[in-house]
Structure formats: structure tokens, C-alpha cells
Chemist: 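Can you keep this structure in mind? I'll have questions shortly.
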Protein chains: 4
Amino acid sequence: MNLLIENVTQEKKNRILNCAMEEFASKGYDRASTNAIIKKAGISKGAIFQYFMNKELMFYYIFDHAEKQIKDYILDNIDLNSPDLLIRVQSYMDSMLNLLTDFPRTMEFILKARSDDNIGIKSEILKRESDSYNKLEEVFKTGLDIELFKSPKELDKIIIILKSTLDKLLEDGLNSSLDKSEIYDTICDYISYFRKLFYI
Amino acid sequence: MNLLIENVTQEKKNRILNCAMEEFASKGYDRASTNAIIKKAGISKGAIFQYFMNKELMFYYIFDHAEKQIKDYILDNIDLNSPDLLIRVQSYMDSMLNLLTDFPRTMEFILKARSDDNIGIKSEILKRESDSYNKLEEVFKTGLDIELFKSPKELDKIIIILKSTLDKLLEDGLNSSLDKSEIYDTICDYISYFRKLFYI
Amino acid sequence: MNLLIENVTQEKKNRILNCAMEEFASKGYDRASTNAIIKKAGISKGAIFQYFMNKELMFYYIFDHAEKQIKDYILDNIDLNSPDLLIRVQSYMDSMLNLLTDFPRTMEFILKARSDDNIGIKSEILKRESDSYNKLEEVFKTGLDIELFKSPKELDKIIIILKSTLDKLLEDGLNSSLDKSEIYDTICDYISYFRKLFYI
Amino acid sequence: MNLLIENVTQEKKNRILNCAMEEFASKGYDRASTNAIIKKAGISKGAIFQYFMNKELMFYYIFDHAEKQIKDYILDNIDLNSPDLLIRVQSYMDSMLNLLTDFPRTMEFILKARSDDNIGIKSEILKRESDSYNKLEEVFKTGLDIELFKSPKELDKIIIILKSTLDKLLEDGLNSSLDKSEIYDTICDYISYFRKLFYI
DNA sequence: TATGAATGAGTATTCATTCAT
DNA sequence: GATGAATGAATACTCATTCAT
């Protein structure tokens, strides 16, 4: 799908994407208003439909863009030198927390999009995300020292447990608007416990 | 709050509640259409507002009704005889899975309501639910044999890990529309692993 | 038009009429709610339509009732012993002011009804009122000493001028919620001036 | 407040304003239907809200427009050369009657708006109008020859009497749908009488 | 006779999308 | 390419009136 938004100058494109992410993040897909977006972005009503065809394609385009931004950031910042999974996980969580300060709009948008009220939107988002997640998981596993684990054959389960728990801690932390350092401490706490639990 | 829906015949009431739960579950509070509900339920425009006063009270009424249904079911079916946490957890997950076949609409509705896009709705729902959840957690902990754990002092972390992981397995199972038995097997698998992990 | 309201016990009838007058007076015909009336009067939804057929006939019935009440009061209290028009007028205005304290609901209802927003209602009301007003005017003129006037042949004009001016003073007084004694003083003031103006 | 109605072609704008005035005049603010207006004016549902934002702003816009039209007409046509109040009054009433044939809808609308049932609307209208009325009264009094009156010190009363009576004659004339010439004759009659009554 | 549940046309307002300029 | 006026289906909610009990 080649959208005309690609032909727009970088500056204008960023302006539009930022305004749209803000609107979608704060209202969700359905209640987000194209009108609000064009007003904030200073473009015309017609333009947005020329750039993106319709609201739905705009949402997916922005999602893909946001996700790429985040994935790139993580891949740049994650520490893959160590073969120790929990060190990698720790650096991943560090990146996630840093993203919250470096790209707050993008993060809010992505987190909101994952649990959007609109069933069609949500399932499409989950589909697009799982590809991306699978690639990330692969990276995580490459060059891993599985000798560190008590039960190396349970690696897949362990990864699910880690991801479920740490995602939940992050989500709950944000929902109760704890500040970054509190969330960070909690996460470190759990990672220490995981080390005792899973490692020899 | 005594709503007139209480005076309606059981058959009609169930019809209305089911249609409403379906609509709310698939669209979320804001996008759900009272029009769609009355059409599916075969009642008139005026009736729904006579029964529930307005959309918001309808939502809360249905939520309370649904939650009671589920909580009653769980409390009736959960096995609290054993002092073994994982046996209790296993029976809780069994109940949850059974609920998915016995009251699928109710479960979809409740799961969706918890993360509704509408901020006012969401916070009211969480308020109503947290009471219920805290009571359930208490029940879970009462008469528990903590000597079974390698690290009894980490009980709170353990519970979070169990809950996060098993909730995630259930959610992913539903999202990828696996059938019940597959989800069940996966959950049993994880619970076995938890036993090795956490118990002496 | 024989309405079934006539068959109802006096006590119940008064209750209904009072509640209806209050509702109509405060909201006007269109915005007045039959629901509010039955709730206040403690009768059933069906009853009101059995008694009055519909909202419009209810309004006219109440109007006729209210107007009769007021006309009777005025005819009982007006001083027709004197052949002096301005003395009669003065006693008429006194009665009007007294009505405001003795039958406030009835007066508010009548005053509001005369300028109702609903064009059909308003013209019907004006028609019904003019009959009543003509009869009152006749009474006013009977046994009048026209020798008191500088221009007896202008009597009709004089009456119009008196009525227009004093009605306006009363209306403005009520609209700016002056209290009765202030309105009374203003009216007396004008009547004195009229005496100089019209009388020999 | 710059409303988009200003950007519309004169022909369309007039069509819309006329239809709206007709609807508001015959039903009052609350019962007037935006639906009826757009149907009569042949525009789309969305258009009216794009032009006026909402029903209330539409009403005020139309009111201001109508009042300006009428005030301009009167100030253009009133004869202020003479220091004789009754000549000024006569020319004012002439203007009013001419307005009834030249701008009948505008007049009906304005007369109705002044006594609208909706309290909020009415008080806003009166506020907007009192400025305008006070200015008019000032104009009326400027350069007036008060030596013409028998009782110059009663000027304020006289003005109230004139205004109350002539307004009433006009209103009654319209309500009984007399034609212009009959109303005109009656008014002239009264003004002649006022001359005898108030002037030396 | 009295009830009140049921009805459905009505209300103002929103908003993604189209299209003539 | 860019604009923004125009569209109309959709929203929650009201209320006089009917009618089976």
C-alpha cells in the first residue's frame, strides 16, 4: 500500500504523525477526530484523505511507523553482548522506560493501540505486532547461554513468564502513574527474583 | 438504585442483557449503539430507557449482573479444601475455562469492560471490581500452607507472576481463538512447571 | 365537551389542576411534561388521558377553570357601587394584586398562558379570553357616570388606554419581581394622573 | 464571534435566515426544529451546524441580524426634524407598519423572540434588546419641545402610556389579522386623541 | 375504572468522507 | 496538489399517546 503521505516533506509528515498519535492515544481509534488532527496539524480536511485514503489506513500507517521507531530504538540500545538472558531483559526494560521519556507520544499511542476498543482495529494491530515481536524474540535468543538455566528445555515457558510479568508491572505502573524510578525499582526487584528462580 | 428492568420477565430480561453484553463486548461502551441493542433484542426505543434510565446505568447494571454471575460461579466451583495454592489456582483456571463455554457472552463482556476506552466508565468499573478482586485474593490466601514454598516470603511476587502469566495465556488463547482444550493443556503445563519452580 | 375529569372527586380534581397549573406555568405548554404532572399529582399515566383525552384539551380545560376562578374572584371583590370608572378600575387592580397572593399558581398560569410560545395554543387562549373580557367590560360600563369625563364619547379609547397601561405596569412589575406594594404604589400614581387627564 | 454563515452567498443566506425566522416565530426557540429549517431551506443537516455552530448561536445570530435590519429601517425613516413628540411617534408607528409589509417575517420573529418561553434565551434577548431600546428612547427625547405638553413633568408617564397603548393596538391588530390600513387608521385615531389629551 | 409498560417519531448534534473549485 | 463546504447516517435520549391487563 503506497500512501501519498510518503511524498510529503519530512517536517510536515512528522507534524501530522505527532498530532495524530496524540489524538489517537488520548481518545482511542473510534473517538479520535480527524477534525481535531487536521486542526492541530494545520492541514486541510481534504489533505488527510489524500495522504491516507481513510481513517483506518491512517491509523495502521501511524502504528507501523510508531512501532518501527520503537523497535529501532530498542535494537539500538539493547545490550546483546552478554549471553545472559536476564541481562538482555534488563536492558530491554531499561530501553522501554527510557522510551517513555524520549518518545512519550509514541509510547502512549502504541500502548493504547494494543488494547483499542474497536475489535477490528485491535485484531489487525495484534497481527501486525506479532510479526514484529517474533523477530525481536529471535534476536533475544541468538547467542544465548542456555547453560545458565536450571531447566534449559523450559526456555520458551520462561520467556513467556518473564514477558507476561514484566509487561504487567509496566502497565500497572503506568496506570497508577507511578514515576519511572519506582517502576524501575520494582522491575529490578523482580528480575533479581527471576535470577534466583530460573538460574543455577 | 431500583431499575425497572427488574420487573421484566426473566426470558425478556435475559434476552436484553445478552444482546447488550454482545454489543458492549464487541464495540466498547462509547461505540456500542443502543439502537443496535434494541433491534437485536426486539424491544422498542423507549423501553430501554424506561428499563435502565440511560446508557451509563445500563452498562453498570449489566456489569454488576455479569460480575455477580461469574463470582458466584467461581466461588461455587473453586476447590478451597486443599491448602495448596497451585491446586486452588488450577481449580480457578478450570472455572474460568468452564465459564467461557457456559457464559461466553458474559465473559467477553467482563474482559472487555475492564479495559474500556471511556475513562469515566473504566474507572467506575475498576472501582466496582477491585472490591471483588480483593475479596477473591483474600479467599485465596486463607488457610494457605506457605511451608510448601521454597521462598514463602516471596509469596506476593509469586502471586503476581502466576496471575500475570496465566491471564496472558488465557487472553492470547482467546485472541487466537484456540479451543478450550488447547488452552487448558497449556495452562496445566505451566502450572506443573510452576510447581517445580516455586515448591520445595 | 364533557371530560371525565368532571366525575372525579373534588379533592383529587383540585390536586390535579394545581399540579398541572404549576407545571404549565413554569414551563409553558410545549415543554410541560405530562409525566411531571402525574408524578406530582400521584395519579397514573393512563388516568390523565382518560380524564382529559389529551394534553391540549387538558390545557384548555385548566385554562377555562383558572379563568373562571379569577373572574369570579374579581366580580366578587370589585366595587361597582360607585359610578366612577377610575374607582372601579382601582378596585379591579386591587383585586388583581390580591389574586397574586391568594391564588399565585392560578395567576402565574393565566399570565403565562396568554403569551404561550405555541401559536395554536396562544390563539385559542386569546379567543377564549376575549369572550370573558367582553363580559367583564360590559359589567364595567353598566351604571357608569359618563358625565365625569371631559370627552364621554371617547370612552372606548379611554378604556383601552387604561387597560393597556395598567396591564403593562403589572406585567413589568412582575417581570422585574418588584413586590406587591411597589407595584401598587405605581398603579395608584398612574390612576391619579389618569384622573387629571380624563376627568373634568 | 465569526460564524461561517457569513461566507455563504447572499441568496442562500437570506433563504436560510427567512426559513429559520419563520420556524422560530411560529414555534418559539425550544419547539422550533432545526430539521424543519433545513428542509424548508433546502440545505443539509450538517450545513446548519457548520454555519452557526449550534441552535442557540443560530438564534442569537438571526436575532441580531433581524434587530439591526429593523433598527436601521426605523432610524432611516423616523422623522426627527420636528420637536413634536407625537409627530415623531406617528412616524415611528408608520415605520413599524411599513416594516410589517416590507419585512413581515423579520417582524414576527422579533416580536415573538421578546417573549420566548425559554428563560435563558429570553433573558439574553432582553439584554441585547434593552441597549437598543434605550438608544431609541434617547433619540426620541433629544431636541424635544416639552413646552407643548400640559404637564411636562409627567413626560415619563406619558411615554409609558403612549408606548403601552400603541404597542397593544399593534399587537391586537396583528393577532386578529386586521390589514395594515385598518391598524393604521386606528393608530392615527388614537394619536389624534393623545394630542388633545396631552398637549396644550 | 385505573394502571403503567410499550411505542416510535421526534430532538440537537457529530463526523468521516466526497468533490467542485 | 490542496482546499474546505456539503453531506447524511449515526448518536443518546424524550414524551405524548395507546392498550392489554
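Small disclaimer: the values here were computed from a predicted structure and weren't measured. Order of the sequence lines sets the chain letters (A, B, ...), proteins ahead of strands, with each chain counted from 1.
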Chemist: Which donor-acceptor pairs under 3.5 Å do side chains of residues 34-51 of chain A form with protein atoms, sequence neighbours excluded?
Modeler:
unit_1	atom_1	unit_2	atom_2	d
A/K40	NZ	A/E23	OE1	3.4
A/S44	OG	A/A47	N	3.2
A/Y51	OH	A/K12	NZ	3.2

Chemist: Could you pick out which residue, C/N7 or A/F49, lies toward the 5' side of DNA chain E when each is mapped onto its nearest nucleotide?
Modeler: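 Result of the comparison: C/N7.
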Chemist: Going by the rule ring-ring contact (aromatic ring centres under 6.0 Å, His included), which residues pair with D/Y60 if we only count those two or more places apart in sequence or in a different chain?
Modeler: none
Chemist: Checking B/D117 now: which residues fulfil side chain to side chain contact (heavy atoms under 4.5 Å, CB included) with it, not counting sequence neighbours?
Modeler: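 Per chain and number, B/D117 pairs via side chain to side chain contact (heavy atoms under 4.5 Å, CB included) with A/K112, A/D116, A/D117.
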Chemist: Who are the side chain to side chain donor-acceptor pair (under 3.5 Å) partners of C/E11, not counting sequence neighbours?
Modeler: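 C/R15.
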Chemist: In dot-bracket form, 5' to 3', how is DNA chain E paired? Count Watson-Crick and G-U wobble pairs only if both distances fall under 3.5 Å, and write | where the partner sits on another strand.
Modeler: .||||||||||||||||||||
Chemist: Between atom CZ in A/F52 and atom P in E/dT18, what is the gap in whole Å?
Modeler: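 My rounded result for the distance is 16 Å.
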Chemist: Parallel, tilted or perpendicular, judged at 30° and 60°: which one describes the rings of D/F59 and D/F24?
Modeler: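 D/F59 vs D/F24 ring planes: perpendicular.
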Chemist: Students often get this wrong, so: under 4.0 angstrom with heavy atoms, is B/Y51 touching a base, only sugar-phosphate, or nothing?
Modeler: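 Here B/Y51 touches the backbone only, sparing every base.
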Chemist: Provide the closest heavy-atom pair for C/A32 versus C/K27 in the form atom of the first, atom of the second, distance.
Modeler: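 Nearest pair, atom of C/A32 first, then C/K27: N-CB, 3.7 Å.
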Chemist: Under the rule for ring-ring contact (aromatic ring centres under 6.0 Å, His included), what residues qualify as partners of D/F52, not counting sequence neighbours?
Modeler: D/Y61
Chemist: Roughly, in whole Å, what's the span from CG in C/L57 to P in F/dT17?
Modeler: 9 Å
Chemist: With a non-hydrogen cut-off below 4.0 angstrom, is B/K45 in contact with a base, only sugar-phosphate, or nothing?
Modeler: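 Base: the residue B/K45, judged by heavy atoms under 4.0 Å, touches a nucleobase.
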Chemist: How would you list, by chain and number, every residue that makes a ring-ring contact (aromatic ring centres under 6.0 Å, His included) with A/F63, sequence neighbours excluded?
Modeler: none
Chemist: With nearest nucleotides of DNA chain E determined for D/E56 and A/E56 from heavy-atom distances, which residue corresponds to the more 5′ nucleotide?
Modeler: D/E56
Chemist: Please determine whether the number of non-hydrogen atoms from other residues, nucleotides or ligands lying under 6.0 Å from atom CG of B/L4 exceeds 12.
Modeler: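 It does: B/L4 CG has more than 12 such atoms within range.
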Chemist: Grab the N/O contacts between the protein and nucleotides 19-21 of chain E below 3.5 Å, and write none if there aren't any.
Modeler:
none

Chemist: Return the residues of residues 9-40 of chain B meeting this criterion: a heavy atom under 4.0 Å from some atom of DNA chain E. Order them by number, or give none.
Modeler: B/K12
Chemist: Would you mind reading off the distance between A/F59 atom CZ and E/dA16 atom C1', rounded to a whole angstrom?
Modeler: 16 Å
Chemist: E/dA6 phosphate, OP1 or OP2: any side-chain N/O from B/S44 under 4.0 angstrom?
Modeler: no
Chemist: What is the distance, to the nearest angstrom, from the CD1 atom on C/I5 to the C1' atom on E/dA2?
Modeler: 14 Å
Chemist: If the condition is salt bridge (charged side-chain N to carboxylate O under 4.0 Å, His left out), which residues does C/E129 pass it with, not counting sequence neighbours?
Modeler: C/R114
Chemist: Could you tell me which residues satisfy salt bridge (charged side-chain N to carboxylate O under 4.0 Å, His left out) with A/K55, sequence neighbours excluded, listed by chain and number?
Modeler: none
Chemist: Rounded to whole angstrom units, what separation is found between the CE atom of C/M58 and the C1' atom of F/dA16?
Modeler: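 These atoms are roughly 10 Å apart.
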Chemist: By nearest nucleotide on DNA chain F, pick out whichever of D/V8 and A/A47 is the more 5' one.
Modeler: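 Nearest nucleotide further toward 5': that of A/A47.
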Chemist: Roughly how many Å is it from CE in B/M53 to P in F/dC13, rounded to a whole number?
Modeler: 11 Å
Chemist: Within the structure shown, what part of the strands sits under 4.0 Å from D/L4 by heavy-atom distance: base, sugar-phosphate, or nothing?
Modeler: sugar-phosphate
Chemist: Between F/dC13 atom P and B/I43 atom CD1, what is the distance in whole Å?
Modeler: 14 Å
Chemist: Rounded to whole angstrom units, what separation is found between the CG atom of B/N54 and the P atom of F/dT14?
Modeler: 8 Å
Chemist: Partners of B/R128 by salt bridge (charged side-chain N to carboxylate O under 4.0 Å, His left out), sequence neighbours excluded?
Modeler: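 Applying salt bridge (charged side-chain N to carboxylate O under 4.0 Å, His left out) to B/R128 gives B/D64, B/E124.
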